[in-house]
Amino acid sequence: YSNPTCAAGRHTITHLFEWKWTDIAQECERFLGPKGFCGVQISPPNENRVVTSPNRPWWERYQPVSYHLTTRSGNEEQFRDMVNRCNRVNVRIYVDAVINHMTGGGESGRGTGGTSFNPGSLQFPGVPFGPTDFNGGGQCQTGDGSIHNYGSANEVRNCRLVGLLDLMLGKDYVRQKVAGYMNHLISIGVGGFRVDAAKHMWPADLTNIFGRLSNLNTAYFPSGTRPFIFQEVIDMGGEAIGMSEYSGIGRVTNFIYGIKLAQVFRNQNQAKYLRNWGEQWGMPSTSDSVVFIDNHDNQRGHGGGGGVLTYRDSKRYKMATEFMLAHPYGFTRIMSSFSWNEANNWEGPPHNGDMSIKNVHVSGDGSCGDGWVCEHRWRQITNMVGFRNVVMGTSLAHWWDNGNYQIAFSRGNKGFIVINAQGSDLSTTLTTGLPSGTYCDVISGDYSNGRCTGSSISVGNDSRARFTISGSSQDPVIAIHIGAKI
Ligand code: LAG
Ligand code: CA
């Protein structure tokens, strides 16, 4: 399950957080396909609780009511259309699968698809799940049934995460319902799953459920292809449960990655130490890892949050993302956010008066508006997604640093990046590993059909080139690759 099922030559996904299916379908066709993205992580597509206090927070989508495909992002017909249209342009859809729990406690109500539920009596008729399908006093020994002690593996897995009703995934019937939901999505043509709250489920239960999954739909994938699975395990050390318990099952989300890079690009740890970035920093093996600078939780202080870089600190954010995309370690994911008031970290996506989600509007210059940040469309980030596709398979070479915050490295003989995180000027001649020629710097501009809108770099017969980067630049990075030769 660790193989990302991307179409050939594509190696990065983006999380289009809370986007509507109709907008994602268009984004695949007009942008993600042509720009070489592998796929999209989407918000949970299954029916969720309608939360009105606060009014329609983003986190209501982590409170399942049923496995019907009706949410504020769209209905099943729109979902099917999106999956088909994205696959047709070689962009995969990865579903955020919320399978550890259903809603939190509280009052009965109806979900986004109109299905009733009653948390008090543990009734979810839309599945159906009833009282015997949830963990209770027999499995969880805390007084209020919720998780408090992250030092106890049993408590983390059998009690309620922030009060959310915890499914009894050891039970055959529950496994069958969860696998049935995932197989429905596979039959429609999705490429895999981000598994929400994996730390809160027993590895053996996940192994059993994933074993029940069908191969991917042969309308879009080679026959016999297993779904790509990456499990959300927040492991920053010091708890009973770690990533290594899950990395044998599928990939794991590497939360240390973004924290450590934030420290470097905030000038709290010298960039020269990135020389041995990866496993030697105590991180899982590259082939087990999904890496990212921030995600929808930690960018707003939820889910192990705090300390990461986000779009709000755009200069540092771009630098960290550029480093991530240039470096061989891990399978890369780009967060694509909506803006929110930092005082209200519950705030949901841009919406209309009736609380329906707003369309994503793209301006003539390619940027988004109306509260959609679209980091994946920032030129420097998009172009590095292209860089990664070109250099994939090569190893890191020609490392250089100034002993401080200026670094450079090549990817084999296919690409070269120079990063000046020092705040003072860089001007030096470096060996790039690249064949001689004139290259387009894909950070300062775009390359197309032999033309470059940014600055160009000449690599000599000796593979050396002169690089000059002002310390006060908003984009103190130069990146060149053999796919953008002038
Ligand atoms: C995740 N990973 O393990 C998600 O990435 C994270 O966003 C989810 O929590 C969590 N697991 C459960 O799926 C989010 C919010 C929580 C929110 C929860 C359920 O971070 O704040 O809890 O979704 O909507 C909210 C309230 C709690 C309340 C709970 C139950 O914030 O105070 O106890 O709902 O009513
Ligand atoms: Ca659990």
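Counting convention: from 1, in listed order, for ligands and their atoms alike.
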Query raised in the report: Can a salt bridge be assigned to the pair Asp96 and Arg194 using a cut-off of 4.0 Å between side-chain N and carboxylate O?
Result: yes
Requested in this report: May I ask you to identify the nearest protein heavy atom to atom 2 (N) of ligand 1, giving residue, atom name and distance to one decimal place in Å?
Outcome: Glu232 OE1, 2.5 Å
Report task. Check whether any protein heavy atom sits under 4.0 Å from atom 9 (O) of ligand 1. Result -> no
Requested in this report: Check whether any N, O or S atom of Arg157, backbone or side chain, sits closer than 3.0 Å to the Ca ion (ligand 2).
Outcome: yes
Query raised in the report: Near the Ca ion (ligand 2), is there an N/O/S atom from Asn158 that is less than 3.0 Å away?
Result: no
Query raised in the report: Given Arg160, His302, Arg49, Glu60, which has its nearest heavy atom closest to atom 15 (C) of ligand 1?
Result: His302
**Report entry** ligand 1 atoms in contact with His101 (distance to a heavy atom under 4.0 Å)
**Finding:** 12 (C), 13 (O)
**Report entry** Criterion ring-ring contact (aromatic ring centres under 6.0 Å, His included) on His302 and Tyr62, from CA distance to verdict
**Finding:** CA-CA 13 Å; His302 282 242; Tyr62 292 92; 9.7 Å; no
Report task. Assess Arg194 for proximity to ligand 1: is some non-hydrogen atom of it under 4.0 Å away? Result -> yes
Query raised in the report: Which of parallel (below 30°), tilted (30 to 60°) and perpendicular (above 60°) describes Tyr257 and Tyr329?
Result: parallel
Query raised in the report: Is it true that the NZ or CZ of Arg300 lies under 6.0 Å from the centre of Trp58's six-membered ring and within 45 degrees of the ring axis?
Result: yes
Report task. May I ask you to decide whether Glu232 forms a salt bridge with Arg333, counting only side-chain N to carboxylate O separations under 4.0 Å? Result -> no
Report task. Could you tell me whether some N/O pair between Val162 and ligand 1 is separated by less than 3.5 angstrom? Result -> yes
Requested in this report: Answer yes if the side chains of Lys20 and Ser356 hold a donor-acceptor pair under 3.5 Å, and no otherwise.
Outcome: no
Requested in this report: Of the side chain and backbone of Leu164, name the one, both, or neither that has a heavy atom under 4.0 Å from an atom of ligand 1.
Outcome: side chain
Report task. Do me a favour and list the nearest non-hydrogen protein atom to atom 24 (O) of ligand 1 with residue, atom name and distance? Result -> Trp59 O, 2.6 Å
Report task. Please indicate whether any nitrogen or oxygen in Asp297 is less than 3.5 Å from any nitrogen or oxygen in ligand 1. Result -> yes
Query raised in the report: Which pair of non-hydrogen atoms, one from Phe117 and one from Ser108, has the smallest distance, and what is that distance?
Result: O-CB, 3.1 Å
Query raised in the report: Looking at the rings of Phe124 and Phe134, which for Trp means the six-membered one, are their centres under 6.0 Å apart?
Result: yes
Query raised in the report: Going by the order shown, which atoms of ligand 1 are within less than 4.0 Å of some heavy atom of His296?
Result: 5 (O), 7 (O)
Report task. Report the part of His200 (side chain from C-beta onward, or backbone N, CA, C, O) that has a heavy atom under 4.0 Å from ligand 1; answer both or neither where that applies. Result -> neither
Requested in this report: Could you say whether the N/O atoms of Trp58 and ligand 1 ever approach to under 3.5 Å?
Outcome: no
Query - Heavy atom of protein closer than 4.0 angstrom to atom 32 (O) of ligand 1 - result: no
Requested in this report: Just give me the atom name: the N, O or S atom of His200 closest to the Ca ion (ligand 2).
Outcome: O
Requested in this report: Return a yes/no value for Ala197: is any of its N or O atoms, backbone included, closer than 3.5 angstrom to an N or O of ligand 1?
Outcome: yes
Requested in this report: Would you please indicate if the ring centroids of Trp19 and His376 are separated by under 6.0 Å?
Outcome: yes
Query - Ring center gap for Phe331 and Phe228 short of 6.0 angstrom - result: yes
Report task. For Val373 and Ser339, work out which heavy atoms get closest and say how close. Result -> CG2-N, 3.7 Å
Query raised in the report: Looking at Asp196, which atoms of ligand 1 are within less than 4.0 Å of one of its heavy atoms?
Result: 1 (C), 2 (N), 3 (O), 4 (C), 5 (O), 11 (N), 12 (C), 13 (O)
Query raised in the report: Which of parallel (below 30°), tilted (30 to 60°) and perpendicular (above 60°) describes Phe338 and Trp340?
Result: perpendicular
Query raised in the report: Has ligand 1 got any nitrogen or oxygen that is less than 3.5 angstrom from a nitrogen or oxygen of Gln63?
Result: yes
**Report entry** Geometry at the Ca ion (ligand 2) - Asn100 OD1 versus Asp166 OD2 angle, rounded to 10 degrees
**Finding:** 130°
